[in-house]
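Structure, as structure tokens:
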Amino acid sequence: MAATRPVILNGIYTIRAESSNAYLNLEADPNSAGTVQFRNNSASQQWNITSAGDGDYTLHSVAARKNLRLTGPGEKEDTWTLEPRGHEAYVIGVSGDIRALEFDGVGPVKVVNRNGGTLQRWVIEPVPVAPIQDIAGFPIGAYFEIKAPGTNNVLLTCRLSTDDGAQIQLWPRPTDKDKLRSAAFFIDRTGALVHAESGRNVDIVDNVLVIRSRRPVASPANLWSHAPPRFTFRNGQIQIAFNSNPAFASTVDNIYPNDSWRNKPFVLARDSAVRPSLALHPIGDFNGWIPKVPFTPFPHYDTTLNKDWAVVPEESGAVAEPRTLWEIVPLTV
């Protein structure tokens with residue numbers, strides 16, 4: 001019988017094979033497969049585990065910036081179940097399937113019919129809070145601005161809006177201290193990027209950077225309710241890893257062909273050639289996913305769009321272009 005223990009909370013974890021005392025590992029190489037190696041204290045052994053609702057989870061590699069998923073012909077599943085076994089272990093199963101991850105001590109991790117045996121048991125251990133600074137790259141315990149180098153332009157919300165859905169754009173830095181609040185961001189305890197004045201998470205819809213409220217979890221994740229992308233700051237670039245498809249069906253093939261959101265690295269760019277494809281969706285486009293309640297859940301939903309000052313996710317190139325570089329400036333008195 002499965003053991004009872006607390007549900008895994010969203011966060012960064014290591015995943016250790018109980019049978020070998022080695023760790024699930026995924027390198028940054030886009031062609032790499034999941035392996036099990038002895039502990040190396042690197043991002044390749046750190047996993048952002050996020051609830052996808054209804055008992056399912058995504059396992060997102062911090063190093064590879066992609067979800068752990070099946071890659072065989074016809075395989076698209078990238079959500080998993082975490083089933084308690086024994087004193088501290090879990091069986092990591094394929095959602096809606098009889099298969100599970102197994103490591104027999106040699107070679108790559110296998111996906112076989114689940115049996116709950118020793119070779120299919122994994123110990124999931126939280127990474128201490130301190131390494132978030134290394135993972136996120138942004139200042140911890142501080143508010144900061146995101147600035148285009150060599151300019152006076154910073155990221156802030158369009159028209160200084162704090163409404164759900166407001167676009168984040170590049171704009172000359174406000175001189176008024178009260179207006180400067182709209183250019184303040186911070187990293188919260190989960191490693192998420194947050195717009196300080198509104199308290200809303202930074203998200204991407206299609207290819208528009210927006211702020212959005214936290215919402216009831218949905219299964220499967222959808223464009224209204226999902227884990228926001230993970231933003232990290234490395235080598236002057238703001239890197240983006242999507243936890244779910246950010247685009248509507250009508251736009252996804254143009255913006256993210258061949259499911260590139262899932263398996264390609266992205267960075268935040270300005271002066272981008274993809275700006276003409278920008279569009280903001282009215283609240284009605286999300287109605288199929290919004291829970292029915294006896295009140296208007298979001299009476300103020302901002303769809304004002306400024307294409308000229310837009311910043312967008314772009315596939316990362318082999319060489320960092322200047323327009324993909326940013327400065328992170330702590331806000332101080």
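The first residue in the sequence is number 1, and the count goes up from there.
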Open item on the list: I need the minimum non-hydrogen distance between G150 and E327, along with the two atoms involved.
Closed with: N-OE2, 4.3 Å
TODO: Look at the side chain of T58 and the backbone N and O of H60, then say whether any donor-acceptor pair between them is shorter than 3.5 Å.
DONE: no
Task: Min side-chain heavy-atom separation I204-F242 under 4.5 Å - done: yes
Open item on the list: Please determine whether side-chain hydrogen bond (donor to acceptor under 3.5 Å, both in side chains) holds for the pair D302 and T304, giving the CA-CA distance in whole Å, both sets of side-chain angles, and the decisive distance to 0.1 Å.
Closed with: CA-CA 6 Å; D302 199 328; T304 306; 3.0 Å; yes
Open item on the list: Determine whether a donor-acceptor pair (N or O, by modelled atom type, separation under 3.5 Å) exists between the side chain of N243 and the backbone of P228.
Closed with: yes
TODO: Could you point out which residue of D164, D163, D203 forms a salt bridge (Lys or Arg N to Asp or Glu O under 4.0 Å) with R212?
DONE: D203
Task: Any P313 side-chain heavy atom under 4.5 Å of Y256 side chain - done: yes
Open item on the list: Can you tell me how far apart CD (Q37) and OG (S20) are? Round to the nearest 0.5 Å.
Closed with: 11.0 Å
Task: Heavy-atom donor-acceptor pair, N115 side chain to G117 backbone, under 3.5 Å - done: yes
- [ ] Could you tell me whether the side chain of S61 reaches within less than 4.5 Å of the side chain of W47, counting heavy atoms only?
- [x] yes
TODO: Give, for atom CG of L180 and atom OG1 of T175, the distance between the pair rounded to the nearest 0.5 Å.
DONE: 9.5 Å
- [ ] Ignoring hydrogens and angles, tell me if any N or O in the side chain of R200 forms a donor-acceptor pair with the backbone of V194 under 3.5 Å.
- [x] no
TODO: Give the C-alpha distance, both sets of side-chain angles, the deciding distance and a yes or no for side-chain contact (heavy atoms from CB on, under 4.5 Å) between V217 and H226.
DONE: CA-CA 7 Å; V217 67; H226 55 265; over 6 Å; no
- [ ] Mind running side-chain hydrogen bond (donor to acceptor under 3.5 Å, both in side chains) on T14 and Q45 for me, showing each step along the way?
- [x] CA-CA 6 Å; T14 57; Q45 293 181 354; over 6 Å; no
Task: Identified side-chain contact (heavy atoms from CB on, under 4.5 Å) counterpart of Q46 within the set I12, L24, N25 - done: I12
Task: Aromatic ring proximity, centroids under 6.0 angstrom, W224 and F286 - done: yes
- [ ] Indicate yes or no: at least one non-hydrogen side-chain atom of Q239 is less than 4.5 angstrom from one of L268.
- [x] no
Open item on the list: Under a 3.5 Å distance rule, please check whether S225 uses its side chain to pair with a backbone N or O of P216 as donor and acceptor.
Closed with: yes
Task: Side-chain donor/acceptor of R114 to backbone N/O of V94, under 3.5 Å - done: yes
Task: I168 side chain reached by V210 side chain, heavy atoms, under 4.5 Å - done: no
Open item on the list: Quick one, K66 with L26, criterion side-chain contact (heavy atoms from CB on, under 4.5 Å). Give me CA distance, side-chain angles, the key distance, then yes/no.
Closed with: CA-CA 9 Å; K66 61 182 180 182; L26 189 65; 4.0 Å; yes
- [ ] Report yes or no: do F231 and I211 belong to one cluster of Ile/Leu/Val/Met/Phe/Trp/Tyr joined by side chain heavy-atom distances under 4.5 Å?
- [x] yes
Open item on the list: Against H281, only a single residue in T251, T303, D206 fulfils side-chain hydrogen bond (donor to acceptor under 3.5 Å, both in side chains); can you say which?
Closed with: D206
Task: Test item: V154 and I146 side chains (from C-beta on) under 4.5 Å apart, heavy atoms - done: no
- [ ] State whether K264 and E314 are salt-bridged, where the test is any N-O pair (Lys NZ or Arg NE/NH1/NH2 against Asp/Glu carboxylate O) under 4.0 Å.
- [x] no
- [ ] Could you walk me through whether S95 and T79 pass the side-chain hydrogen bond (donor to acceptor under 3.5 Å, both in side chains) test, one step at a time?
- [x] CA-CA 6 Å; S95 296; T79 59; 3.1 Å; yes
Open item on the list: Does atom CG (N235) have a neighbourhood of more than 12 heavy atoms from anything else shown, all under 6.0 Å?
Closed with: no
- [ ] Apply salt bridge (charged side-chain N to carboxylate O under 4.0 Å, His left out) to the pair E145 and K147, showing each step before the final yes or no.
- [x] CA-CA 6 Å; E145 298 174 284; K147 181 181 179 183; over 6 Å; no
Task: Same apolar cluster (I L V M F W Y, side chains within < 4.5 Å links), L209/L160 - done: yes
Task: Parallel, tilted or perpendicular: rings of F186 and Y143 (30°, 60°) - done: perpendicular
TODO: Show your working on salt bridge (charged side-chain N to carboxylate O under 4.0 Å, His left out) between R16 and E18 and close with a plain yes or no.
DONE: CA-CA 6 Å; R16 174 169 56 87; E18 188 179 58; over 6 Å; no
Open item on the list: Quick check on the hydrophobic clustering: are V123 and I49 connected, directly or via other members, by side-chain heavy-atom contacts under 4.5 Å?
Closed with: no
- [ ] Assert yes or no for the condition that the ring centre distance of F233 to F144 is strictly below 6.0 Å.
- [x] no
TODO: Hey, could you give me the CD1/CG distance between I15 and L101, rounded to the nearest 0.5 Å?
DONE: 8.0 Å
- [ ] Group every Ile, Leu, Val, Met, Phe, Trp and Tyr by side-chain heavy-atom contacts under 4.5 Å, then state whether L170 and V329 land in the same group.
- [x] no
Open item on the list: If I take atom CG from residue L156 and atom CD from residue E197, how far apart are they, to the nearest 0.5 angstrom?
Closed with: 10.0 Å
Open item on the list: For a side-chain contact (heavy atoms from CB on, under 4.5 Å) check, start with the C-alpha distance between V109 and W122, then their side-chain angles and the critical distance, and finish with the verdict.
Closed with: CA-CA 12 Å; V109 177; W122 304 84; 4.3 Å; yes
Open item on the list: If we ignore hydrogens and angles and just use 3.5 Å, is the side chain of T157 paired with the main-chain N or O of S161 as donor and acceptor?
Closed with: yes
Task: Verdict with reasoning, K179 to D176, per salt bridge (charged side-chain N to carboxylate O under 4.0 Å, His left out) - done: CA-CA 5 Å; K179 293 181 178 180; D176 185 298; 5.5 Å; no
Task: Verdict with supporting geometry, Y57 and I8, side-chain contact (heavy atoms from CB on, under 4.5 Å) - done: CA-CA 9 Å; Y57 295 83; I8 295 289; 4.2 Å; yes
Open item on the list: Check whether T151 reaches the backbone of A148 with its side chain - one donor and one acceptor, N or O, closer than 3.5 Å.
Closed with: yes
- [ ] Kindly indicate whether a cation-pi arrangement holds for R270 with W326, taking the cut-offs as under 6.0 Å to the six-membered ring centre and within 45° of the axis.
- [x] yes
Task: Member of V252, D259, N222 meeting the side-chain contact (heavy atoms from CB on, under 4.5 Å) criterion with N245 - done: V252
TODO: Hey, could you give me the CD/CZ distance between Q169 and R159, rounded to the nearest 0.5 Å?
DONE: 10.0 Å
Task: Test item: N10 side-chain N/O and S51 main-chain N/O as donor-acceptor pair under 3.5 Å - done: yes
TODO: Please tell me if the side chains of F185 and L193 come closer than 4.5 Å, counting only heavy atoms from C-beta onward.
DONE: yes
TODO: Could you check T324 against Q237 for side-chain hydrogen bond (donor to acceptor under 3.5 Å, both in side chains), going step by step and ending with a plain yes or no?
DONE: CA-CA 6 Å; T324 68; Q237 291 184 307; 2.9 Å; yes
- [ ] Look at atom CG of N113 and say whether more than 12 heavy atoms of other residues, nucleotides or ligands are closer to it than 6.0 Å.
- [x] yes
Open item on the list: Within the structure provided, determine whether F138 and P330 are in side-chain contact (heavy-atom separation under 4.5 Å).
Closed with: no
TODO: Check whether any side-chain N or O of D188 sits under 3.5 Å from a backbone N or O of A192 as a donor-acceptor pair, and report yes or no.
DONE: yes
Open item on the list: If I take atom OH from residue Y13 and atom CD1 from residue I124, how far apart are they, to the nearest 0.5 angstrom?
Closed with: 8.0 Å
Task: Same cluster (ILVMFWY, side-chain, under 4.5 Å), V312 and L280 - done: yes
